[in-house]
Amino acid sequence: GTTEIIPSSTSLWKEYPHLAHLYDVFQGVPEFTAVHAPFLAFCKRYRQVRGLKDTPLTRARGVLTTISSFLPYAIWNAVLAKLYPFGPRQRQR
């Protein structure tokens with residue numbers, strides 16, 4: 001695998017020569033390398049996950065992730081609306 005986000009062999013760098021030069025300059029900065037290495041690991045993992053086939057199991061996992069992410073938000077907003085109504089709804093006395 002490559003250790004770059006966009007391999008230098010691609011024509012995309014030729015379309016953006018200033019960004020290619022900036023990337024080359026940054027590679028000489030130790031702090032950039034320290035931050036960039038974990039980001040490259042993330043990119044590698046993303047490419048692996050993105051390449052997974054869409055099976056019923058991966059689809060079910062995505063649905064469950066969406067529900068488990070949305071449910072606490074919905075509950076919190078329902079509780080908050082009961083405790084502190086605002087906007088067009090007024091607290092009933």
Side-chain angles (χ1 to χ4, degrees):
T2 182
T3 58
E4 298 178 17
I5 299 171
I6 301 173
S8 57
S9 60
T10 64
S11 64
L12 188 60
W13 282 125
K14 293 175 187 151
E15 294 178 29
Y16 303 100
H18 298 296
L19 287 178
H21 178 69
L22 182 63
Y23 186 70
D24 288 340
V25 170
F26 274 173
Q27 286 188 350
V29 178
E31 291 81 4
F32 176 76
T33 306
V35 172
H36 195 56
F39 178 70
L40 290 177
F42 168 79
C43 290
K44 182 179 178 183
R45 177 69 182 134
Y46 173 77
R47 287 181 183 131
Q48 289 172 347
V49 170
R50 184 182 64 183
L52 293 177
K53 293 183 179 177
D54 190 24
T55 64
L57 181 61
T58 57
R59 185 157 303 206
R61 185 179 301 138
V63 169
L64 289 175
T65 301
T66 302
I67 291 171
S68 65
S69 299
F70 176 73
L71 200 57
Y73 173 77
I75 292 171
W76 172 251
N77 279 320
V79 168
L80 194 60
K82 295 284 185 193
L83 294 176
Y84 301 103
F86 56 92
R89 296 183 222 142
Q90 298 296 324
R91 183 180 289 223
Q92 296 179 1
R93 298 174 195 233

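Summarising the geometry, atom OG1 belonging to Thr33 is positioned 9.5 Å from atom CG belonging to Leu40; distances are rounded to the nearest 0.5 Å. Rounded to the nearest 0.5 Å, atoms OG (Ser68) and CZ (Arg61) are 12.0 Å apart. Summarising the geometry, atom CD belonging to Gln27 is positioned 10.5 Å from atom CG belonging to Leu22; distances are rounded to the nearest 0.5 Å. Atom OG1 of Thr66 is separated from atom CG of Leu71 by 12.0 Å, given to the nearest 0.5 angstrom.
Residues Leu19 and Phe26 share a single hydrophobic cluster, defined by chaining ILVMFWY side chains whose heavy atoms lie under 4.5 Å apart. Hydrophobic clustering (ILVMFWY, side-chain heavy atoms < 4.5 Å, transitive): Ile75 and Leu83 are in one cluster.
Looking at Phe39 and His36, their side chains come closer than 4.5 Å, going by heavy atoms from C-beta outward.
Closest heavy-atom contact between Pro30 and Gly28: CD-O, 3.5 Å.
Phe32 CZ: more than 12 foreign heavy atoms inside a 6.0 Å radius.
In this pair, Phe70 and Tyr73 present their aromatic rings tilted. The plane angle is within the 30 to 60° band.
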